[in-house]
Engineer: 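Can you keep this structure in mind? I'll have questions shortly.
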Amino acid sequence: MKKLVALVAVLSAVLAHADNYPSKTVSIVVPFAAGGPTDRVARDLAEAMRKPLGDVAIVVDNVLGAGSSIGSNKVAKAAPDGYTLLLNHIAMATMPNLLRNMPFKVDSDFEYLGMINEVPMTVIARPTMPAKSFKEFREWLNGHKGAINLGNAGVGSASHLCGLMFQNALQIDMTAIPYKGTAPAMVDLMGGQIDLMCDQTTNTTAQIEAKKVIAYGVTTAKRLTVPALKDLPTLQEDGLKGFDVSIWHGLYAPKGTPADVVAKVNRALKIALKDPDFIKKQEALGAVIITDKRIEPAEHKKFVAAEIARWSPIIAAAKEYID
Ligand code: ASP
């Protein structure tokens, strides 16, 4: 059976090579819910890459669950023909540190296609929360320890990582409420079913602006420049020393995807990242487009390996708060 699977993989790679790629719809798997922050990046990118990739249709396929490991695994096992790609974020570096059983290998099951952007996160609370700022929240915590529900997108996700760092910094255990993405978690936060969430600005900016949630702070070391969030203090300013969490997105294909297909997708990605419309949309949501060498597949791969190593001791130090 294994031999047959390997043969099919080789055959589809050969066919893809001969196929004058792309000649049919390309699917980008997003391993989180539609309408969430990763989905937002993928949909904007799919639009910007369509023309550079030969005017072929690019669809976003949301394959949900288990902190992005289900969708990522689907791509790891897909035919290596360039028609099934993966867009994932920092979970590629946190899953190996947080999941007990990884169904795939981040370093050897993928071709790296280049990085896309970096996105800060924000800590946000339900609109009915009595504490209206992070300072007030810390006071409010005194009477409410042990009674806080923290939404996330599953073990290994960015919101899980950020929530873990947040609990560790405050030395307070909160109850994790996992969702299949922060789009559904946001609905529950706005409705007051959960208390808190840490999420990318690509999902929180509009809700903060519309006052549908309370923003406590940004997770990066510096304040953001995006107009909607520029007055929001950093968590460091408000006393969480050294707190600095920012996430990044990259594009992947199954291992064995032919080099010329990888090169074509990478070229289309580079063009998309210079598309003024894509840049404008992403920057308005606090994202910073990658312009450095991590746009190259080899550097992307090096960076992910370095991130796995960087987060390993930080996550280990916070193990008491891992759900
Ligand atoms: N923001 C999510 C996360 O925490 C992912 C998503 O729903 O796009 O990883």
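Small disclaimer: the values here were computed from a predicted structure and weren't measured. The residues of the chain are indexed from 1 along the displayed sequence. Note that ligands are numbered from 1 as they come in the structure, with each ligand's atoms numbered from 1 the same way.
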Engineer: So, 4.0 Å and heavy atoms of Pro37: is ligand 1 close enough to count as a contact?
Structural biologist: yes
Engineer: Between Asp195 and Arg126, is there a side-chain N and carboxylate O pair less than 4.0 Å apart?
Structural biologist: yes
Engineer: Students should be able to answer this: which protein heavy-atom is nearest to atom 4 (O) of ligand 1, and at what distance?
Structural biologist: Ser159 OG, 2.4 Å
Engineer: Which ligand 1 atoms, with their elements, are less than 4.0 angstrom from a heavy-atom of Asp199?
Structural biologist: 1 (N)
Engineer: Answer yes when Asp44 and Arg40 have at least one side-chain N-carboxylate O distance shorter than 4.0 Å, and no when they do not.
Structural biologist: yes
Engineer: For residues Phe166 and Tyr321, establish whether the separation of their ring centroids is below 6.0 Å.
Structural biologist: no
Engineer: Got a salt bridge between Glu296 and Lys302, using NZ or NE/NH1/NH2 to carboxylate O under 4.0 Å?
Structural biologist: no
Engineer: Mind checking whether Val29 and Thr84 have side chains closer than 4.5 Å, heavy atoms only?
Structural biologist: yes
Engineer: Provide, to 0.1 Å, the distance between atom 9 (O) of ligand 1 and the closest protein heavy atom, together with that atom's residue and name.
Structural biologist: His89 NE2, 2.6 Å
Engineer: Asp39 versus ligand 1: do any nitrogen or oxygen atoms come within less than 3.5 Å of each other?
Structural biologist: no
Engineer: Ala158 versus ligand 1: do any nitrogen or oxygen atoms come within less than 3.5 Å of each other?
Structural biologist: yes
Engineer: If Ile, Leu, Val, Met, Phe, Trp and Tyr residues are connected whenever their side-chain heavy atoms lie under 4.5 Å apart, and connections chain through other members, are Met121 and Ile194 in the same group?
Structural biologist: no
Engineer: Any ion pair linking Lys51 and Asp275 (charged N to carboxylate O, less than 4.0 Å)?
Structural biologist: no
Engineer: Does Val30 approach ligand 1 within less than 4.0 angstrom via side chain, backbone, both or neither, non-hydrogen atoms only?
Structural biologist: neither
Engineer: Just jot down the ligand 1 atoms closer than 4.0 angstrom to any heavy atom of Ala153, in number order.
Structural biologist: 2 (C), 3 (C), 4 (O)
Engineer: Looking only at protein heavy atoms, identify the closest one to atom 8 (O) of ligand 1 and say how far it is in Å.
Structural biologist: Thr38 OG1, 2.6 Å
Engineer: Should His160 be counted as touching ligand 1, given the test is an N or O pair under 3.5 Å?
Structural biologist: no
Engineer: Counting each atom of ligand 1 from 1 as listed, which ones have a heavy atom of Gly181 under 4.0 Å away?
Structural biologist: 7 (O)
Engineer: Hey, is CD on Glu237 packed in by over 12 heavy atoms from elsewhere, all under 6.0 Å?
Structural biologist: yes
Engineer: To check your reading of the model: name the closest protein heavy atom to atom 2 (C) of ligand 1, its residue, and the distance in Å.
Structural biologist: Thr182 OG1, 3.3 Å
